[in-house]
Amino acid sequence: MIDQQISPRGGAARLPVRPRTGRFLVLAAVFVCAACGLVYELELVALASYLIGDSVTQASVVLSVMVFAMGIGSLLAKRLRCHAAVGFGMVEAALALIGGSSALVLYASFAWLGDSQYALVGFSLAIGVLIGAEIPLLMTLIQRVDRQDAGGAVADLFAADYVGALVGGLAFPFLLLPVLGQLTGALFTGAVNAAAGGALVLWVFRRDLSSRSRWLLVLVNVLVIAVLATATVLVDDFERAARRAVYGDQVRVAVQSGVQEVVLTGADRASLDLYLDGRLRVSARDEYRYHEALVHPAMNGPRARVLVLGGGDGLAAREVLRYRDVRSVTVVELDPAVTRLARTDPALSELNGHAFRDPRVTVVGADAFPWLRSDRGRYDVVISDLPDPGITASTKLYSAEFYGLVAEALAPDGRLVVHAGPLGTRPRTFWTVEASVRAGGLATCPYRVTGRYAGLAASPDRGGGEDLEREDWGFLLAGPGAAPQPALADGGPVPRSLGGGELREGARAADDARLPGLIPSTLIHPRYWEEA
């Protein structure tokens, strides 16, 4: 027997299911749509952090704009309540198309226009309006299926919505990203969204629809799913074209690991560039200046046991292994994809001198922070070759708590060296890191070196990094007693950055232990920057 409910306009709504079944199907649609909506939000936040940087700011922009837009969407949905079924079907189709294609459009604007900020705000606004329109329409639909007091209906809807958001939030990092990737994952989510919304309206509420509305919804949903499916088929070609626009024509390796996107460009060792999440991490043209300045000053003293935090490219380990009295080198790298490439890629392994083949080297795949908590070793030298402190995801690795753990791992006369970011462009970040090192119980001595190609490989006119603006690297040398001075290690190799040419084992350092030839004003006193 067909159950009948009173429609909001006073008529009888004839439905093809029993009230309890219809209520379950509406709540199931709420669950699916909520999961898809949260995936869209997380996708925008993740892409914004990757493409633009500063994840805190981008997350704040996305979430605040979306919450504001949801309020607008709720108000606009009042006009659709008299046609709740067809209104909900059209809203879900639009949400599926816009949300599913958002990652593609954002990445395209980044690759070919060099800026995705406006597109990010536009998608946040549009998706927020559509998500905000869902609940008022679903509230109308569930009351047509099963007579229930308004409070009970709201409780059921929000319960299904919150549980769906939980599932979507967990599915994004643990299922969609590792299995499908960002672009395909968004397209798949859009297809699921369209199918769930269309199925609910065209089956449960089909008798509320006129023949014209029914065929319109069928056509719109078929077109949306077809567009998303076509984009999924072409997504690999799109990614290759976008990477060429971002990184240039010499992309050799592009890997989406569970941690980040890893891209290698350049045909050989001399032209190699390594990008992590779109940021230039290693440039073969002048990486030696960075790694020599990072490693050699810290090696002046006992150096039998060395710990490298980060440095999965093997380049810091290469410099450490130039000292014959080093007995062990432990490299703690979060992303195994980076160390795998450093071992197996011919150009990168040649650049790092096949460091990971050396029996003295042990590689640990772990987050440096919890690993230091559990490690009970003592090290003569700790080299912090971690992501730039300006990247929000790495801030815990520049905290006072982290340096307190490092201090516990240092031998009594051990040394820590930290890459603390560029002094010229971000002095506040540098001195914040310096204050954190001191708060961890270590005395510090800052120094810097110039010669890095800086920034993202963002705009198509940058040519994969060749014309990028150069910046300086800032370092901190620290120890548990008096602040060590950044002197070249006695008996160590002469760095090329001091005119040593190819590094020679056993060659003595230049005449001044404070590296005057490395850069102008190698040693920096904090007072200089405070006055500046």
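Sequential numbering from 1 along the given sequence is applied to the chain's residues.
Ion pairing of D385 with R281 is present here, as a side-chain N (NZ or NE/NH1/NH2) and a carboxylate O approach within less than 4.0 Å. The pair R303-D325 meets the salt-bridge criterion, since a charged nitrogen lies less than 4.0 angstrom from a carboxylate oxygen.
Considering only heavy atoms from C-beta on, V417 stays 4.5 Å or farther from S384 through its side chain. The shortest distance between side-chain heavy atoms of V255 and R340 does not fall below 4.5 Å. In this structure the side chain of Y379 never reaches within 4.5 angstrom of the side chain of V308, judged on heavy atoms. Side-chain contact check for V329 versus T362: every heavy-atom pair is 4.5 Å or farther apart. Here the side chains of S109 and L113 are in contact, with some heavy-atom distance below 4.5 Å. Contact check for D367 versus K396: side-chain heavy atoms found under the 4.5 Å cut-off. Contact annotation: the side chain of H354 never approaches that of R343 to less than 4.5 Å [non-hydrogen atoms, C-beta and beyond]. Side-chain contact between V282 and L280: absent, with no pair of heavy atoms (C-beta onward) separated by less than 4.5 Å.
A donor-acceptor distance shorter than 3.5 angstrom exists from the side chain of D268 to the backbone of S271, with no hydrogens or angles considered. Proximity of a side-chain donor or acceptor of D161 to a complementary backbone N or O of A34 within less than 3.5 Å is not detected. A donor-acceptor pair is defined here as one N or O able to donate and one able to accept, closer than 3.5 Å; no such pair exists between the side chain of S116 and the backbone of A119. Proximity of a side-chain donor or acceptor of N352 to a complementary backbone N or O of D313 within less than 3.5 Å is detected. Within the 3.5 Å criterion, the main-chain N or O of A298 finds a donor-acceptor partner in the side chain of R415. Side chain of R327 to main chain of R324: no donor-acceptor pair is present (N/O by atom type, distance under 3.5 Å, no hydrogens or angles).
Minimum heavy-atom separation, L321 to A355: CD1-O, 3.7 Å. Closest of all the heavy-atom pairs between A284 and A270 is CB-O, 3.7 Å. Nearest heavy-atom pair, P412 versus P480, reported as atom, atom and distance to 0.1 Å: O-CG, 3.2 Å. A pairwise comparison of heavy atoms in A48 and L120 identifies CB-CD2, 3.6 Å as the closest pair. In terms of heavy atoms, G421 sits closest to F430 at O-CD1, 3.7 Å. Minimum interatomic distance between A411 and D380 (heavy atoms only, all atoms of both residues): CB-OD1, 4.0 Å.
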Working note: L44 + L106, criterion side-chain contact (heavy atoms from CB on, under 4.5 Å); need CA distance, chi angles, decisive distance, verdict. CA-CA 9 Å; L44 290 177; L106 279 174; 3.4 Å; yes
With side-chain contact (heavy atoms from CB on, under 4.5 Å) as the criterion, how do Y40 and V45 come out once you've worked through the C-alpha distance, each side chain's angles and the decisive distance to 0.1 Å? CA-CA 9 Å; Y40 300 144; V45 170; over 6 Å; no
Passes side-chain contact (heavy atoms from CB on, under 4.5 Å), R360 versus V320? Steps please. CA-CA 11 Å; R360 292 175 290 174; V320 171; over 6 Å; no
Is there a side-chain contact (heavy atoms from CB on, under 4.5 Å) between Q58 and Q117? Walk through the geometry before answering. CA-CA 9 Å; Q58 304 313 322; Q117 185 71 56; 3.7 Å; yes
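For the atom pair CG (L42) and CG (L47), the distance works out to 11.5 Å, reported to the nearest 0.5 Å. We find the CG-CG distance between L38 and L166 to be 9.0 Å, quoted to the nearest 0.5 Å. With rounding to the nearest 0.5 Å, the separation of CG in L476 from CG in L416 is 8.0 Å. In this structure, the separation between CZ on R373 and CZ on F369 is 4.5 Å, given to the nearest 0.5 Å. Separating the OG1 atom in T265 from the OH atom in Y247 is a distance of 9.0 Å, to the nearest 0.5 Å. Atom CG of L294 is separated from atom CD of E287 by 11.0 Å, given to the nearest 0.5 angstrom.
A donor-acceptor pair shorter than 3.5 Å can be found between the side chains of E434 and T444.
For the ring pair (Phe, Tyr, Trp, His ring centres under 6.0 Å) test, residues two or more places apart in sequence or in another chain that qualify with Y162 are F158.
Within a 6.0 Å radius of CZ in R357, other residues, nucleotides and ligands contribute 12 heavy atoms or fewer. Within 6.0 Å of the CZ atom in R378, the count of heavy atoms belonging to other residues, nucleotides or ligands exceeds 12. Within a 6.0 Å sphere centred on CZ of F238, heavy atoms belonging to other residues, nucleotides or ligands number more than 12.
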Would you tabulate the side-chain donor-acceptor contacts of residues 174-189 under 3.5 Å, counting partners in other chains and residues two or more places apart, or write 'none'?
from: T189; atom 1: OG1; to: G185; atom 2: O; distance (Å): 2.8

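Between H419 and Y398, the ring center distance fails the sub-6.0 Å criterion. Here the two rings, on F475 and Y290, have centers that are under 6.0 Å apart.
Residue pairs that meet the salt bridge (Lys or Arg N to Asp or Glu O under 4.0 Å) test with at least one member in residues 257-267, sequence neighbours left out, are R243-E261.
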